[in-house]
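A quick write-up on the structure given underneath.
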Amino acid sequence: MTAKKFVYLFNEVQEAEKYAGSWDGVRGLLGGKGANLADMTRIGVPVPPFFTVTTEACNAFLEAGNKFPDGMWDQMMEGLKEVEKASGKKFGDPKNPLLVSCRSGAKMSMPGMMDTVLNIGLNDETARGMVELTKNDRFVYDAYRRLIGMFGSVVLEIDDEAFEEVLDSVKKAKGVTADTDLKAEDLKELVEKLKAVIKREKGFDFPQEPLEQMRLATEAVFKSWNGKRAVDYRNAAGIAHDLGTAVNIVTMVFGNLGWNSGTGVAFTRDPSTGEKVMYGDYLLNAQGEDVVAGIRNTEKIQNLTKELPQAYKEFLEITDRLELHYRDMQDVEFTIENGKLWMLQTRAGKRTAKAAVKMAVDMVNESLITREEAILRVTPDQVDTLLHPQFDEKEKEQAAKAGRQFGKGVNASPGAAVGQVYFDADTAEKRAKADKQDVIMVRPFTKPDDVHGMLAARGILTSEGGATSHAAVVARQFGVPCVVGASEIRIDQERRQMEANGIVVKEGDWISVDGTTGQVFLGNIPTISPKLEEQTDLLTLLSWADEICATPNIRQAPAGWPTKGLQVWANADYPADARRARSYGAVGIGLCRTEHMFFEQVRLPIVQRMILAETSAERTAALNELLPHQRKDFEGLFEAMDGYPVIIRLIDPPLHEFMPDEEALFEEVITMRVKGESAGLAEKENLLANIRQMHESNPMMGLRGVRLSIYMPEIVEMQVRAIFEAAANQANKGVEVKPEVMIPLTGTVKELDWIQPRLQVIAKTVMQEKGVTFEYKFGTMIEIPRACVTANEIAKVAEFFSFGTNDLTQMTFGYSRDDAERNFLVKYVEEGILPTNPFQTLDREGVGRMMDIAVKDGRQARIDLEVGICGEHGGDPASIEFCHLVGNNYVSCSPFRVPIARLAAAHSALKYRPGGVDILEDK
Ligand code: ADP
Ligand code: MG
Ligand code: MG
């Protein structure tokens, strides 16, 4: 029986592809690091010989209770032979020793797993052999002491500090401060002392046998897949737990052989601005981790052209090739050994939102990627980031250089927050509200009774908890920037201060919290508020997104009705909002709430008079006074939306919302009575009696929406007249108007049967009076479950549907939003009863199913039924995707979210375009 193939050699990437079926499969099998090392080898990039032990071996090892699967070790030995052949050295041979590194590497790059161990294969004997060979005993014993330190802490899990203490004591005894000042003799002495630490802590000697070193290191990498930090990270990032990690055994190349050698890391473009310039650091005469560890001051990568011109030239050629090959910006690690360049890693580089947009657009212009790919390279969240105030990257870098980074945690809720630190909710709220301070609330973790402080704060910082902790959930829900689990911070509630890395922050001190990256800084870091019109790359990308959405949505097209991708409309009540919406790219208004117009100071008394009218004539008189105001509002709206549809919703809230507060009025009446004031008392008493009569036990489910229109039709008759007079006036001025009248809260088609024809008569009458005709629609909001399940009837009367998903969510779940968010939703999300807040991200199974029924049945009755959404979900990317799947024509959201929605709509269209995602899949 032949055992399964658990080991792939540097030149076996084809075999891996055949077995795994796709490049994604190879990445799964060999891990991202291993797959790309093999891929680089295939295209002729110099990579030191290596082999990879598969993730399948890792999973088998873990399943068997930490036992290598049958055949795996033998295959490693065979692989080692091939690596020896290719490198011309022999593992464990004192005359010509091969040294290797043992590197973990999962499919996704993942902090929290085992660190790399360098220089495996060194022992007392091979060390002596290498000294003979290199004539450089300082180099050899430096490598050896590093191996023992790394092996001890990483593989044998001895506390780092035990090794650092020894290093410090040796340095002190020799009177030096830098590691590099230690002489060969000192390092030899250090080696012995480090060995003694292992003996003391573990009771056994540092393994001298090279194969034993390799075996233990491999086991440790496998085990680290289930280490606590790795598991926590996967939970937070939503990475599957059954992927496993691969192990890469890579021939060591040495950047610390002298001034003709070096090591470095680089990005092929600037990861913070996106500019096409090589961005990186290197150190001559240094090994692997030195660059990242920051022990010595690194050089800018461009300087390498002076120091090792030949190697740098080759480096530029190779990185150019890698960009072309992977068609993306690369993050590479390299080492130069005696002038010879070796590549040790390449992967798609992480980037800021700004850089992501610039690179995507640049790469299209360079013909490196397609427009579709460019769109998929940027996430809606990144667009969101670009439109919010954010920290000035340069200032942040400077702060970090100046040692002002105080801590780092999980980036739980994006955005930049600057403020003064307070350690309890009451004080935080008081300082924010009474003293108008910018507050950052800091707690070890938060509880439901901290919420008032969190809402008053500009930002939230906790030292415990992860991405689904109470603090994180609340912060995201309310859009407060938040960093959680900054575990190096110690909070001292008693002394009202916190401490990290030896720095103390007291109550009232200023800090800056970056919820986008998880960083926390001392002091006040300046923020910048970006303007959309200045972001030309983003505008270009969004225009490409709109092109995608203008193509047919084949998936959802019922026979005879080819819908397109989603359009993005905006919710706007005032002309100024409409103009902003247009400048952000909205191509319609999905919701104009008319009641806002009633609340304005001059109008409210007229509205109240209208409500309290005892006769129809009195009411009509008041309404006639309101009419010109409403008409003027609508005229502005139509003008701003020249050529685009405008959906105006007829009055929706219960009438008591327009009346004075009952309790305050009651107090007034009592006071007047007590003081014996009679002037005006009778009117006030009458008003109070009226308000009391209007009292409902559950107003949100009472006399409102279409019910109110049927009960008191004069109001909506006036509104419809105002809408059509405004539209006609603008049409006569040459504006292209497309009014759509929306009736809220329909539950049965009979309601529409009753009200809609009366309103349609008014529309026709006005057009006749004004001698003009234009397109218009009458339709309804769909926000009651009964409307969804009787959509086939409703669509016979309504010409469009607009999902009011706030109410639809409340009524489908039977939750009142305010009560739910205040009381139990956070607990529900924490306990996993709900995956997220359904008022933020549409609940596909329940509310979504209601929508699906409504769209399908509605279009049965009316094939060209226009369908949209105007609830807050219309600006949420995951909900937008669902709207695409359901076959909406548009989503409507707040003007500020329009750019985010445009990109999300294009993502949905691409993702679900037949064949769309597969042909675009990334290497
Ligand atoms: P990480 O995932 O933390 O980046 P790596 O496995 O890439 O870990 O290794 C960490 C450091 O060690 C990197 O700087 C890398 O270049 C260096 N390194 C790893 N393997 C070798 C090797 N065979 N020869 C020289 N340096 C190496
Ligand atoms: Mg690592
Ligand atoms: Mg690396």
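Starting from 1, each residue takes its place in the sequence as its number.
Counting heavy atoms from C-beta on, the side chains of His884 and Ile880 never come closer than 4.5 Å. Residues Pro654 and Glu696 form a side-chain contact, since some pair of their non-hydrogen atoms from C-beta on lies under 4.5 Å apart. Looking at heavy atoms from C-beta onward, Phe813 lies in side-chain contact with Asp843 at the 4.5 angstrom threshold. Between Thr527 and Gln390 the shortest side-chain heavy-atom distance does not fall below 4.5 Å. Considering only heavy atoms from C-beta on, Phe598 comes within 4.5 Å of Val607 through its side chain. Contact check for Arg902 versus Cys549: no side-chain heavy atoms found under the 4.5 Å cut-off. For the pair Lys770/Phe724, no side-chain contact is recorded, criterion being any heavy-atom separation below 4.5 Å from C-beta on. A heavy-atom distance below 4.5 Å is not found between the side chains of Tyr584 and Ile900.
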Please assess Ser892 against Asn571 for the test side-chain hydrogen bond (donor to acceptor under 3.5 Å, both in side chains), listing each intermediate value before the final yes or no. CA-CA 6 Å; Ser892 186; Asn571 299 347; 2.6 Å; yes
Would Val706 and Leu650 count as a side chain to side chain contact (heavy atoms under 4.5 Å, CB included) here? Give the steps. CA-CA 8 Å; Val706 67; Leu650 302 179; over 6 Å; no
Would you check, one step at a time, whether the test salt bridge (Lys or Arg N to Asp or Glu O under 4.0 Å) holds for Arg603 with Asp633? CA-CA 13 Å; Arg603 306 181 192 180; Asp633 295 326; 2.8 Å; yes
Could you please spell out the steps behind the side chain to side chain contact (heavy atoms under 4.5 Å, CB included) verdict for Glu751 and Ile755? CA-CA 6 Å; Glu751 288 167 323; Ile755 191 82; 5.8 Å; no
Apply side-chain hydrogen bond (donor to acceptor under 3.5 Å, both in side chains) to residues Asp807 and Gln810 and explain how you reach the verdict. CA-CA 5 Å; Asp807 268 322; Gln810 294 200 89; 3.1 Å; yes
Side chain to side chain contact (heavy atoms under 4.5 Å, CB included) assessment of Val741 paired with Ile648: CA-CA 5 Å; Val741 178; Ile648 296 167; 5.9 Å; no
I'd like to know whether Asp537 forms a salt bridge (Lys or Arg N to Asp or Glu O under 4.0 Å) with Lys354, so could you lay out the CA-CA distance, the side-chain angles of the two residues, the decisive distance to 0.1 Å, and finally the verdict. CA-CA 9 Å; Asp537 289 322; Lys354 185 175 169 204; over 6 Å; no
Go through the steps to decide whether Lys738 and Tyr776 satisfy the test side chain to side chain contact (heavy atoms under 4.5 Å, CB included), and finish with yes or no. CA-CA 6 Å; Lys738 294 181 174 173; Tyr776 63 92; over 6 Å; no
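Considering all non-hydrogen atoms of both residues, Gln608 and Phe658 come closest at NE2-O, 2.8 Å. In this structure, Tyr815 and Ala820 approach most closely via the heavy-atom pair CB-CB, 4.1 Å. When all heavy atoms of Val568 and Ala905 are compared, the pair lying nearest together is CG2-CB, 4.4 Å.
In the displayed structure, Glu769 atom CD is contacted under 6.0 Å by more than 12 heavy atoms of other residues, nucleotides or ligands. Within 6.0 Å of atom CE in Met712, more than 12 heavy atoms from other residues, nucleotides or ligands are found, so the atom counts as buried in its surroundings. Around CZ of Arg458, the count of heavy atoms belonging to other residues, nucleotides or ligands within 6.0 Å does not exceed 12. Annotation: Glu533, atom CD; neighbour count of heavy atoms from other residues, nucleotides and ligands within 6.0 Å is above 12.
Remark: side-chain polar atoms of Thr615 are paired, donor with acceptor, to backbone N or O of Glu618 under 3.5 angstrom. A distance-only check finds no donor-acceptor pair linking the side chain of Ser879 to the backbone of Gly875 [under 3.5 Å]. Remark: side-chain polar atoms of Thr812 are not paired, donor with acceptor, to backbone N or O of Thr809 under 3.5 angstrom.
Electrostatic pairing of Glu595 and Arg649 counts as a salt bridge here, judged by a charged N lying under 4.0 Å from a carboxylate O. Remark: Glu639 does not engage Arg579 in a salt bridge, criterion side-chain N to carboxylate O under 4.0 Å. Using a 4.0 Å cut-off between charged nitrogen and carboxylate oxygen, Arg593 and Asp652 do not count as a salt-bridge pair. Glu625 has a carboxylate O that lies under 4.0 Å from a charged side-chain N of Arg609, or vice versa, which qualifies the two as a salt bridge. Salt bridge Glu635/Lys632: absent, no basic N to carboxylate O contact under 4.0 Å. Residues Asp577 and Arg582 are not paired through a salt bridge, judged by the lack of any N-O separation under 4.0 Å between the basic side chain and the carboxylate.
Taking the six-membered ring where tryptophan is involved, the planes of Phe801 and Phe803 are perpendicular, since the angle between them exceeds 60° and thus also 30°.
Using modelled atom types and a 3.5 Å distance limit, the side chains of Gln840 and Glu872 yield no donor-acceptor pair. Looking only at atom types and distance, the side chain of Tyr912 has a donor-acceptor partner in the side chain of Glu881 under 3.5 Å away.
Taking the ring centre of Phe666 as origin, the terminal cationic atom of Arg692 falls inside the region bounded by 6.0 Å and 45° from the ring axis.
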Can you list, pair by pair, the side-chain donor-acceptor contacts under 3.5 Å of residues 778-788, counting residues two or more places apart and other chains?
from	atom 1	to	atom 2	distance (Å)
Thr780	OG1	Ile743	O	2.8
Thr780	OG1	Thr746	OG1	2.7
Glu783	OE2	Leu745	N	2.7
Arg786	NH1	Gly747	O	3.1

